[in-house]
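To start, the structure itself, in structure tokens.
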Amino acid sequence: MTMQNEDLKVIDEARQGEAIQMLGLAGENKKKLFLESYGCAMNFSDSEIVASILIEQGFETTPVMEDADVILVNTCAIRDNAESRVRQRLYDFKKVKRTKPELVIGVLGCMAERLKSQLLDEEKLVDIVAGPDSYRDLPNLIGQVESGHRAVNVLLSREETYADITPVRLDKNGVTAFISIMRGCDNMCAFCVVPFTRGRERSRDPESIVNEAKDLFERGYREVTLLGQNVDSYLWWGGGQKKELETEVVHAAMNHTLPAEEQSKFTTFADLMELVAQVSPQLRVRFSTSNPRDMTDAVLHVIAKYDNLCKYVHLPVQSGSTKVLGDMNRGYTREQYVQRVEAIRRILPGSAISTDLITGFCGETDAEHKETLSLMEWAEYDFAYMFKYSERPGTAAAKKFTDDIPEEVKSARLTEIVDMQQKHSAKKTKEGVGKVHEVLAEGYSKKSRDMLYGRNSQNLVVVFPKENFKPGDYVNVTVTSCTGATLIGTGVKKVFN
Ligand code: SAM
């Protein structure tokens, strides 16, 4: 179960199963691609890369799967229910294939990486299995299938960052876009399948990131979200994997404590944020996700320095118990996490903070669950994504511990944390009433074309009458009321003219 805001979600329920539709690309003899995406923002960003690679090869996209020559589904393996959802979906594709045997069906992404050729054997209809680092190989894999073979590429790369590929944009509003800044993860949290499905951490060349941000800005985009599994761990020194460097050097570089000349060889996440902030004061910058063990004060000071760096930090805690955090191999204690939140509140007063929580991790006692509730009570998160623990085969938790918390206990604990979070979210939303918020208008409200919606710097959704404003405008909005997680108000004036 998750709780959500309008956008920028780890798992955005509204976008699950979204099919890419690129308008204006239709051509006479082009092959048609139906590309559907599940999972986190990173997956949606990857689908933009996949679409870009295949459009370059002469494909056009279609939102109608029955019209497709190739169906690709970009998958998530983070929890069992994410995989079940895709397996269900494969049956729909199977129906289409029955009437169209030449149809090519491929499974991409984390589930492909986790299950590898097992997917070909189990789901007899699947022709292609391609992991997150093998998208450049897709034209070749499709060719192999067309010549009568089934095709698998699940090799994980040490270098692949797709830095040179300009993603086609799936963000339909033309205002907000994702920029992938790194791939993989080295954290090895005991519950998490990501290091196995996405491989070792690699950072992308900062120049290519800044150029992508500049290009988006010139094309009218006004907000970018820098994406990575653990963005604070971003480090560029000319390429390569971080594990090639000495741990002390990495630590000193990330904390900006190396002698100046040495430090200048590195681009840290703080440096990168500053570079992207300087693209234009009219380009908002967000990021996701931070890991408390790596989030430095240097990053917080840069966010404080630039108005266009959004005052919103997503800082997943997972549990309020030091014992459980140790079992999860999160690399911090409750006290250290509290210190990070205190640093955010001190350096970025007025910033919103959100989190991720897992209930019912192996061996979690009732007292440990209560520690999570007491941490929530203390932190008063603006927002939270909350999940029941789902054992993932091959992870450290699956090997070392027993998934011993009964389903009904997991559910009851989840309900308790969801209830508490709803109380806090409602309180935070109410605090926004009676104030003026700088809102970046992203599009028309679902309910009425006469209303615009956008977000304030703290990531709260604000709805206001369109009047003479349009998507892409920054508007000062006087908020007069709220419903649940949405602020409602009236536009006062455009911020930049
Ligand atoms: N890299 C980020 C981090 O480590 O904080 C977040 C990555 S993950 C895509 C998003 C969230 O899914 C995690 O923060 C965690 O709360 C949840 N999650 C990951 N593995 C899970 C599992 N096995 N069962 C339940 N929730 C899980």
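Start at 1 and go down the list; that is how both ligands and their atoms are numbered.
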Indicate whether the side chain of E160 and that of Y135 have a donor and an acceptor atom separated by less than 3.5 Å.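 Y135 and E160 do not have a side-chain donor-acceptor pair below 3.5 Å.
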Hey, are S52 and R169 close enough side-chain-wise for a donor-acceptor pair under 3.5 Å?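 Not at all, the side chains of R169 and S52 share no donor-acceptor pair under 3.5 Å.
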Output the distance between atom OG1 (T197) and atom CD1 (I78), rounded to the nearest 0.5 Å. 7.0 Å
Out of curiosity, H251 NE2 to E248 CD, how far, rounded to the nearest 0.5 Å? 10.0 Å
Applying salt bridge (charged side-chain N to carboxylate O under 4.0 Å, His left out), run through E380 and K427 and close with a yes or a no. CA-CA 9 Å; E380 287 202 333; K427 180 179 167 200; 3.0 Å; yes
Which ligand 1 atoms are under 4.0 Å away from a heavy-atom of [X]?
X	answer
P316	5 (O)
R392	23 (N)
K388	24 (N), 25 (C)
I358	15 (C), 16 (O), 18 (N), 26 (N), 27 (C)

Decide whether an N or O pair under 3.5 Å exists between [X] and ligand 1.
X	answer
Q229	yes
Y389	no
S290	no
N230	no
F191	yes
R330	yes
T289	no

Test: [X] and [Y] ion pair at under 4.0 Å:
X	Y	value
R455	E442	yes
R392	E83	yes
D164	R136	yes

Under a 4.0 Å heavy-atom limit, does Q318 contact ligand 1 with its side chain, its backbone, both, or neither?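 The side chain, only.
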